[in-house]
Amino acid sequence: MKIQFTILLISILTFGNSYSQKAGSATISIHETRVEYLENPEGIDIPHPRFSWILKGEGRNRFQSAYQIIVTSSLEKFIKNEVDIWDSGKVNSNDTNQIEYDGIPLKSDSKYYWKVKIWDESGGISEWSAPAHWSMGLLNFSNWKGLFIGHDVGYNKADKYDSLYLPPARYLRKSFKLNKKIKKATAYTTALGLYELRLNGNKVGEDYFLPGWTDYNKRLYYQTFDITDKLHEGENVIGAIVADGWYAGYIGYALLVRLDKVREFYGVNPSFMGQIHLEYEDGSTEIIASDKSWKSNEGAIREADIIMGETYDARLENSGWDAPNFDDSEWKSPKIYTYPNGKLEAHPGTKVKNVEQLKPIEITEPSPGTYVFNLGKNIAGIAELKVKGNKGTKVQLRFGEILKSDGHIQTENLRKARATDTYILNGNSEETWQPKFTYHGFQYVEVTGYPGIPNLDAITGLVLSSIETNASTFNSSNAMNNTLFKNIKTTQSANFFEIPTDCPQRDERLGWTGDAQIYMRSATYNSDVAAFMTKFLVDLDDAQRWYGAYPNFAPFPYSRPNQYAPAWMDVGIIIPYNMYKVYNDTRALDFMYEGMQKFMRFQEDASTDYLRPGGGNNWGDWLAVNEETSHDFIGAAFYGYDAKLMAEMAEALGKTEDAAKYRNLFENIKKAFAKKYILENGQTTEDTQTTYALALYFDLYPDGLAKKGAARLAEKIEKNGYKFTTGFLGTKHVMLALSKYGYNDISYKIFQQTEYPSWGYSVENGSTSIWERWNSYTKDDSENSDLNAKMNSFSHYAFGSVAEWMFQHAVGIDTEDSGYRNIIIKPAITKEMDFIEGSYKSINGTIASSWNWKGNNLLMNIKIPVNTKAKVTIPTSKEANIKEGNKSLNKHSSIKVLDSNENETILEIGSGVYTFSIKM
Ligand code: BGC
């Protein structure tokens with residue numbers, strides 16, 4: 001299909017776009033057209049998909065005044081401009097996202113082509129956007145013809161706590177002949193377990209860890225692949241390799257704490273299900289579905305487990321098994337398994353991909369024959385091995401995040417995660433191998449059993465992630481902070497892996513909800529996580545406890561009661577709120593609303609006089625140092641925050657009665673909270689940094705006392721040598737609360753701190769990632785055995801939640817409404833730093849802001865995307881001291897002075913690039 005698409009593009013570029021009305025004077029162009037946040041997605045199953053695009057254009061104050069979308073059912077019609085599906089007509093609106101398809105019902109197994117054009121502020125018409133498409137998956141149960149097929153590999157009944165059970169992968173194949181020319185071929189495939197789809201000797205698609213992790217009792221995602229150009233006349237072979245994955249393999253810490261179940265949380269036998277839909281040029285159709293006629297076998301993958309690792313015996317390869325001309329007479333008929341209870345649905349998120357390849361920067365040999373490859377940064381992913389040697393030679397790969405003082409990798413912190421891959425050579429020629437169904441969190445790869453002395457080429461690090469961290473840039477006059485920023489991105493990439501995990505290395509890798517909610521807003525600055533989080537909302541909704549609490553992690557495979565905790569369970573409110581705030585996504589709110597209300601009722605029931613107690617599992621301000629905040633305080637504070645966000649979300653959905661109810665609830669909580677926890681002098685009863693940070697940021701201070709509370713927080717931090725005492729919950733809120741109340745200089749002092757506990761401390765200790773603990777490691781104490789053996793991850797994004805402050809305050813980019821249409825540019829400008837520059841690619845395009853001291857002059861560069869406007873705070877009250885592009889403000893008709901107070905002037909600007917120089 002790609003080929004046809006390219007031809008279409010060429011024809012449009014060559015012959016012009018005949019459908020387009022004569023373009024007016026507008027120089028606005030349309031970019032990044034998306035459907036459901038995704039670029040040309042295959043197989044979605046949403047009846048009214050949402051469109052979005054980004055506008056770019058020269059000059060200032062540019063905006064869209066209207067748009068028109070057209071959708072056709074075929075390329076031919078698209079080219080001829082025969083609009084048979086939907087023509088929105090000219091819609092007078094400046095919306096560029098969350099625009100719902102509103103045409104005739106979309107059909108199952110169908111591809112659609114679309115484009116959009118816009119009218120600018122003076123009625124000029126843009127060119128049509130580049131052609132884009134999406135396809136609908138299988139929308140009805142009756143469309144599914146495939147059976148769930150697998151292969152019987154027996155079962156090992158050894159004691160579950162004493163030995164690992166790691167069955168081999170299952171291989172499935174089907175040969176079929178095509179005698180006619182194909183017009184279109186689509187594969188719809190899934191597995192209970194993990195699968196890789198193969199076609200005529202190659203992997204189909206680029207994704208890893210398909211079909212993704214869900215509560216398989218509730219839903220199972222399938223994938224759609226356009227395979228039109230991968231089939232040929234004559235014999236074709238479709239194949240699938242299936243492994244345990246999350247469905248049947250080890251998950252999390254179950255083995256460590258000896259839960260009843262340590263694996264097989266959803267089922268025992270992984271199986272594959274799928275079908276190919278063929279549409280011939282003569283108009284006839286055919287479906288080739290997984291059934292008894294397929295063949296099954298074992299093969300070279302002898303062990304395959306997400307957290308334990310993979311073993312590949314190349315001597316057992318059935319070479320050519322997934323291609324034509326293979327003799328499968330020895331293969332068996334597959335075993336048929338029952339259909340799962342869960343619904344079959346299209347994966348709504350972004351899938352795991354290889355986003356970067358790393359060449360080792362060094363090899364060491366800490367003991368004879370043990371080689372350690374340093375990949376330069378702490379990632380999640382796999383290692384590709386290149387090796388040549390005798391048949392039967394066994395090469396073992398183990399993975400570590402740091403080295404011990406003797407140069408060996410540290411594996412104690414992996415706990416029960418074996419994280420070991422083994423490759424057994426077939427001895428033919430140079431062999432290249434990478435595992436398919438496991439991944440590790442690591443910077444170092446330990447190689448043993450390598451024949452001869454390996455060179456740097458022997459190992460390549462493949463970084464795997466569900467996201468790209470390319471939405472933000474940050475640069476400042478402090479090199480440590482710049483490294484910190486890189487480390488935050490590295491760790492976000494490592495943990496946005498199908499779900500937001502706590503860490504990628506040890507026997508955990510769970511969607512811990514406290515971590516996810518704390519980091520959510522930071523995540524959005526670094527990456528477009530709209531689709532990724534849309535999927536996680538489904539996980540949260542599926543995992544919500546029957547009594548209303550959101551659990552400690554989602555998906556939640558364990559059957560353990562009362563798995564919820566204050567600040568963890570609040571994820572079900574905080575993530576949807578941010579989806580709305582950042583992406584203007586009210587559909588996410590709609591989807592979660594019932595569950596959120598149930599959660600609010602759960603909190604109400606648990607409260608006495610509007611105070612929600614700690615309750616559930618209690619981690620408090622997890623990993624705080626030297627100060628402890630009571631769980632009841634945290635419980636009560638987050639309940640207040642939830643009520644406040646609920647009011648805003650209800651309003652956004654037009655539920656005004658609910659909004660009033662939650663506003664009222666918030667006021668009542670605020671009163672009760674203040675009565676119990678805030679003293680008349682503005683101090684909190686517990687007087688910890690975290691208590692001030694939460695109460696101030698959540699607006700729980702009674703009017704008039706907040707300033708005193710903020711002053712006390714500032715004083716405490718100063719007295720503590722500009723260092724934290726906070727854990728997961730307090731840390732980012734300290735930064736946000738200080739800046740909210742004007743204590744930016746103090747925020748910057750903590751931000752640049754290098755003594756423990758601080759971010760700078762990890763950077764100074766050579767970190768390439770964000771650590772779980774403030775003191776995960778010191779150069780002098782790399783053994784730190786007590787910590788290392790228990791829980792000491794070097795890839796935990798929770799403390800990276802400072803990114804929210806970095807963008808909202810240091811760079812100064814925020815949104816006043818939802819979705820960055822009314823942008824706030826308010827950098828926290830300080831003499832503590834020489835300059836800061838950053839950018840954020842919002843759903844409306846890239847916003848940039850920088851500030852730079854030139855002696856007593858301040859330079860501010862700002863870029864605002866087309867179709868948005870911004871309120872810019874300039875840190876002087878003297879309008880006369882502000883120039884833009886060397887002209888005073890009153891010479892600019894389009895820059896409005898909105899307000900000024902004793903310290904600042906607030907301007908309103910439209911799209912464009914601005915250079916302000918300010919005499920301070
Ligand atoms: C995880 C955390 C999580 C915590 C709950 C840990 O094991 O790694 O990130 O939030 O448990 O206390």
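Side chains are part of it too, since the values below use all heavy atoms of this structure and drop only hydrogens, waters and symmetry mates. Remember, it's 1-based here, ligands and their atoms both numbered in the order they're listed.
Ser793 pairs in a side-chain hydrogen bond (donor to acceptor under 3.5 Å, both in side chains) with only one of the listed residues (Glu508, Gln505, Arg506, Glu772), which is Gln505. A side chain to side chain contact (heavy atoms under 4.5 Å, CB included) with Thr691 holds for exactly one of Asp621, Leu700, Thr629; it is Thr629.
No close placement of the Trp774 and Tyr761 rings is indicated, their centers lying 6.0 Å or farther apart. In summary, the aromatic rings of Tyr610 and Tyr639 are positioned with their centroids too far apart to meet the 6.0 Å limit.
At least one cation-pi condition fails for Arg773 and Phe794: the charged atom is not both under 6.0 angstrom from the six-membered ring centre and inside a 45 degree cone around its axis.
Geometrically, ligand 1 and Trp512 share no nitrogen or oxygen pair separated by less than 3.5 Å.
Salt bridge annotation for Glu498-Arg509: absent, with no cationic side-chain nitrogen under 4.0 angstrom from a carboxylate oxygen.
Side-chain contact of Tyr692 with Asp687: a donor-acceptor pair under 3.5 Å is present, judged by distance alone. With hydrogens and angles left out, the side-chain atoms of Thr731 and Thr726 include a donor and acceptor closer than 3.5 Å.
For ligand 1, the atoms sitting less than 4.0 Å from at least one non-hydrogen atom of Asp515 are 2 (C), 3 (C), 9 (O), 10 (O), numbered in the order shown with element in parentheses. For ligand 1, the atoms lying closer than 4.0 Å to a non-hydrogen atom of Arg506 are 1 (C), 6 (C), 7 (O), 8 (O). Atoms of ligand 1 lying under 4.0 Å from at least one heavy atom of Asp502, given by number and element, are 1 (C), 8 (O), 9 (O). Within the listing of ligand 1, atoms 8 (O) sit less than 4.0 angstrom from a heavy atom of Glu772. Those atoms of ligand 1 with a heavy atom of Phe728 less than 4.0 angstrom away are 9 (O).
At a heavy-atom cutoff of 4.0 Å, ligand 1 is contacted by no atom of Tyr253, backbone or side chain. Proximity of Arg415 to ligand 1, defined as any heavy-atom pair under 4.0 Å, is not found for any part of the residue.
Among protein heavy atoms, the minimum distance from atom 7 (O) of ligand 1 is reached at Glu508 OE2, 2.7 Å. The protein atom (non-hydrogen) at minimum distance from atom 4 (C) of ligand 1 is Trp622 NE1, 3.8 Å.
At least one heavy atom of Trp568 sits less than 4.0 Å from an atom of ligand 1.
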